[in-house]
Each structure stands twice: as C-alpha cells, then as structure tokens.
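Structure record follows, encoded as structure tokens.
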Protein chains: 2
Amino acid sequence: MQIEDGAVAPGRRERKKRETRDALMAAALRLAVEKGPDNVTVEEISEAADVSVRTFFNYFSHKEHAILGRDPDDLALALRRVREAPDGESPLTTMRLIVAHVIDELEHHETPISQRIGLIMQSPTLLTQFVVLGAEDERELAAALAERMGEPTGSPRPALIVGATTMAVKVAMEQRKAGSDRPLGALVDEAFSLIADGLDPAYHQPDTHPSPR
Amino acid sequence: MQIEDGAVAPGRRERKKRETRDALMAAALRLAVEKGPDNVTVEEISEAADVSVRTFFNYFSHKEHAILGRDPDDLALALRRVREAPDGESPLTTMRLIVAHVIDELEHHETPISQRIGLIMQSPTLLTQFVVLGAEDERELAAALAERMGEPTGSPRPALIVGATTMAVKVAMEQRKAGSDRPLGALVDEAFSLIADGLDPAYHQPDTHPSPR
DNA sequence: TAATAAGTTGCACTCACTGCAAGTTTGTCT
DNA sequence: AGACAAACTTGCAGTGAGTGCAACTTATTA
C-alpha cells in the first residue's frame with residue numbers, strides 16, 4: 001500500500017520504532033536534567049519509557065547516546081548550507097552562519113537542544129561522547145567544505161577551518177562558563193575575527209631540528 | 001634521614017609506590033599493544049604487575065589512565081617552555097617549538113610514547129580519554145600563555161592559540177593517516193603557517209540576526 | 001618498641017553492556 | 001483468511017568496570 005507521495009508509507013512497524021526511540025530519548029533527557037546525568041541508570045530510563053533494558057540497548061549503544069540524542073538532521077542541514085552557500089561567501093563566513101543558527105536556537109527557545117548543551121557541560125562522560133561524535137561530523141563537514149573550495153579532500157585548509165569553528169565555539173563557551181556576561185554570539189564573533197585575520201602575525205616558522213633550546 | 005641534596009630522601013615507601021605504578025603502566029601498555037587496547041582486562045594488567053585488582057584502582061581511576069600513562073612531567077615541561085620563552089618569540093612560535101619536541105621524540109626513538117600514540121589512533125575509547133585529559137592541559141597552557149602575553153587569564157587569543165595548536169597536530173595526523181607521505185613535521189608546519197596568517201582573509205563578520213538566509 | 005600513618009587486599013555490591021534463545025508482532029504472499 | 005518469514009522485544013546468564021568498607025600488612029616516627 002502506497003501513499004500518493006513518492007515515499008513509501010511508514011507502516012505501523014516503523015512508526016512504533018520511532019515512538020519508542022523518541023520515548024527513550026525524552027525519558028533519558030528528562031531524567032538526566034532532573035537527577036544529574038551521572039545519576040541516571042539505564043534501568044530507570046527504560047522503565048520510564050516502558051520497555052525492557054535489553055530493548056534500550058537495541059536502540060542505543062551507550063547510555064550517553066540516548067541523552068545526547070543526536071539528530072542526524074542537524075548535520076545534514078549544516079552540510080546543505082555548506083554546499084548551497086552563495087558564490088561570493090568565504091568559507092569561514094559560511095561556518096559562522098551555521099554556528100549562528102545553532103546559537104540562535106540555543107538562546108531563544110528552551111528547546112531540548114539547549115537543555116542538552118547545559119548537560120554536556122556538566123558531565124565529563126557526556127562531553128567526551130559529544131566530542132567523539134562531533135569528530136565524525138567534522139570530517140564530513142571538512143570534506144564538503146573542501147569540495148566547495150575546490151580543494152582536494154585531504155587538504156589541510158578546509159579541515160583547519162572546520163576545526164577552528166568548533167574551537168571558536170568551545171572557547172566562547174568557556175568564557176561564558178568563566179563568568180563573562182557578553183552574549184555568546186559576540187564572543188563567537190570575536191573568536192572568528194581573530195581566527196580569520198591570523199592568530200599570530202609575528203609567527204615565522206622556527207628551525208625545528210637543531211638542539212632543542 | 002636526609003640526603004645532602006635539598007630534596008627529602010624518597011624512602012622505601014615512595015620508591016615502592018613508583019615501582020608498582022611503573023609496573024602497572026608497563027604491563028598495561030605491553031598488553032594493550034599485544035592484544036589490542038580493547039581486549040585487555042584490568043585483571044590481566046594487575047596480574048601481570050602482581051598486585052590485586054583493587055590496588056590497580058587505587059592508582060588509576062580508569063583502565064585507560066594506565067595505558068595512556070600520562071606523565072605529569074610532560075605538561076610541566078611544556079609549561080616551563082612557555083614561561084621561559086625568550087622575549088622576542090611570538091606565542092605561536094613557542095607552541096610550534098613545543099610540538100616539535102614531542103614530534104621529535106615520537107619519530108626518532110621507539111619510546112613507549114610512540115607506541116601509545118599508535119594505540120590511541122586504534123581505540124575510540126582511548127582517543128576519548130586522551131582528548132579529555134588534553135582539555136585540562138589546554139586550560140593550563142592557555143593560562144600560562146596568557147600570562148606571558150600580558151593578557152588577562154580568560155582572554156580568547158591565548159586560548160585560541162593553544163586550541164589551534166592541538167588542531168594543527170590533529171589535522172596533520174589525520175593527513176598522515178589518510179596516506180600522505182610527507183613527514184609529520186612538514187604537515188604541522190603547513191598548518192601552523194595557515195593558522196598564523198589567517199585561515200580566511202576574505203572573512204568578514206556576517207549579519208547574524210535577520211531571517212537566516 | 002609502641003603508636004600511627006600509609007598502602008594492600010578481599011569481599012560484596014551496582015551498573016553498563018553483550019550474546020543467545022525464546023516469544024510476540026507486523027508485513028507479505030497465496 | 002491463513003500461513004510463513006522477517007523484524008522487534010524480552011528475559012536470562014554472564015563478563016567486566018568501578019566503588020565503599022573493613023581487615024590486614026608494612027613503613028615511618030617518636
């Protein structure tokens with residue numbers, strides 16, 4: 001049975017799968033917020049979502065995956081933005097705009113996303129998983145950016161630009177955490193400017209081989 | 001009982017502690033290399049070092065700590081280099097020299113360090129722990145660098161410079177992993193140059209608020 | 001030598017996570 | 001509708017990480 005759309009009808013099976021997945025993610029997030037991310041057990045999460053523990057692990061390989069609840073769409077959106085960026089736009093500008101969108105979502109709505117960010121800053125374990133997952137995204141973004149810049153895939157500049165972007169965000173967040181009250185966007189802007197213009201104009205490649213000082 | 005030196009005599013106790021710590025690290029590294037980092041149990045490591053499992057955890061909070069075997073001296077050395085850098089040396093140059101030293105050690109001697117790096121690239125878990133531990137070091141380095149640059153501790157530029165350094169190394173390592181046969185030092189040099197001069201001269205701060213494109 | 005501090009160990013426990021072998025639900029084909 | 005297969009869920013048993021506690025051993029100090 002098909003729907004007029006080109007897509008296949010989801011069917012009860014697929015729908016239920018989505019539902020339990022969502023239920024698990026929601027429960028995980030809620031409990032993590034309530035009790036602190038490190039005080040939640042998989043059993044509680046499964047209980048709250050009304051499935052067995054074993055089923056939990058059929059959906060997520062780690063407890064953290066459920067809490068982080070990465071939405072594949074986010075990466076997809078970012079990739080599309082990279083590929084569809086207007087011709088004149090410089091690569092770092094593109095990245096800045098992508099970041100802007102995320103920050104926007106983060107600051108204005110009290111969406112689950114912002115809750116997650118808060119959690120991530122709390123738990124080392126979560127941060128860890130977050131970084132690891134992020135690394136994969138970075139690779140894809142770098143590849144897309146390389147293509148758009150007309151450079152070979154392994155080329156360093158695109159990879160550095162993507163890396164610099166996450167670095168800028170990280171540093172900005174740390175500043176916030178350390179007590180700065182300037183808006184996150186402004187801090188990010190400052191970091192981006194520094195990165196764009198060169199972090200150290202006085203740098204010149206040192207002689208790295210003779211007796212190390 | 002004192003030795004003529006200013007330092008206190010180590011005493012049997014301290015000595016034994018160092019010994020078992022070293023034995024545990026050595027066993028952990030050896031077994032990780034032999035069997036793959038994810039196929040080693042704490043029990044095996046403790047067995048090989050001839051201590052109880054419980055004792056293992058008195059020394060290391062995670063299995064990974066033992067394998068990574070971070071030497072606090074490494075960070076201390078890097079910090080000293082930052083603080084004692086000659087007056088005219090630009091900050092990024094200082095960082096480049098620190099990296100040079102590590103690379104040197106890595107490429108020439110077949111020290112445990114190089115083995116560890118190899119392992120780290122193999123196991124996601126290890127990589128993760130490595131990154132997390134690195135983050136702490138980054139903070140300290142950034143603080144030291146800020147001081148040397150005469151900037152306030154929370155200032156973004158030093159933090160970005162330190163972040164850029166690890167980013168440069170990461171990107172260079174990925175290039176190697178992806179098949180480049182240029183020496184690691186050359187790849188790192190290229191990354192540093194790009195970072196120093198500015199990753200994107202065409203960047204200019206976009207208007208981040210109105211309707212997102 | 002006696003008192004004390006530091007280090008080691010075994011034990012019992014919680015929790016994450018996996019493989020396997022049922023059982024149940026859903027989709028499909030006739 | 002009925003039968004069959006594929007997909008999903010679940011319980012169970014088991015491994016291994018990591019923690020707290022109390023008893024024990026060894027080094028230090030007075």
- Is V51(A) touching bases, backbone alone, or none of the nucleic acid, heavy atoms closer than 4.0 Å? sugar-phosphate
- Rounded to the nearest Å, what distance is computed from the CD atom of residue E43(B) to the C1' atom of nucleotide dT9(C)? 14 Å
- For atom CZ of F56(A) and atom P of dC8(D), their distance in whole Å: 18 Å
- Message: Please tell me if H62(A) has a side-chain N or O lying less than 4.0 Å from either OP1 or OP2 of dA16(C).
- Response: no
- Is the distance from OP1 or OP2 of dT8(C) to the nearest side-chain N or O of Y59(B) less than 4.0 Å? yes
- E47(B) CD to dT8(C) P: how many Å, rounded? 16 Å
- Message: Without decimals, in angstroms, what is the distance between N39(B) CG and dA17(D) P?
- Response: 11 Å
- Message: Measuring to OP1 and OP2 of dC15(C), would you say a side-chain N or O of T41(A) lies under 4.0 angstrom away?
- Response: no
- Under 4.0 angstrom between K16(B) side-chain N/O and dA27(D) OP1 or OP2: yes
- Message: Tell me whether the NZ or CZ atom of R21(B) lies within the 45° cone about the ring axis of Y59(B) and under 6.0 Å from its centre.
- Response: no
- Message: If the cut-off is 4.0 Å, is R13(B) near the phosphate of dT28(D), judged by side-chain N/O to OP1 or OP2?
- Response: no
- Would you say S52(A) reaches dT10(D)'s phosphate, i.e. side-chain N/O to OP1/OP2 under 4.0 Å? yes
- Task: Considering only NZ, NE, NH1 and NH2 on the basic side and carboxylate oxygens on the acidic side, decide whether R96(A) and D189(A) come within less than 4.0 Å.
- Result: yes
- Query: Between the side chain of R116(A) and the main-chain N/O of L68(A), is any donor-acceptor distance below 3.5 Å?
  - Reply: yes
- Query: Can you check the F60(A) CZ to dC17(C) P distance for me, whole Å?
  - Reply: 13 Å
- Message: Please report the distance, rounded to the nearest Å, between NE2 in H65(B) and P in dA17(D).
- Response: 15 Å
- Query: With a 4.0 Å cut-off on heavy atoms, is R54(B) in touch with a base, just the backbone sugar-phosphate, or nothing at all?
  - Reply: base
- Item | Student check: side-chain heavy atoms of L92(A) and T165(A) closer than 4.5 Å | yes
- Once you round it to whole Å, what is the distance between C1' of dA6(C) and CG of N58(B)? 11 Å
- Over how many whole Å does the gap from R15(B) atom CZ to dA27(D) atom C1' extend? 11 Å
- Does K17(B) place a side-chain N or O at less than 4.0 Å from the phosphate oxygens OP1/OP2 of dG7(C)? yes
- Item | Residues, nucleotides or ligands: over 12 heavy atoms within 6.0 Å of E47(B) CD | no
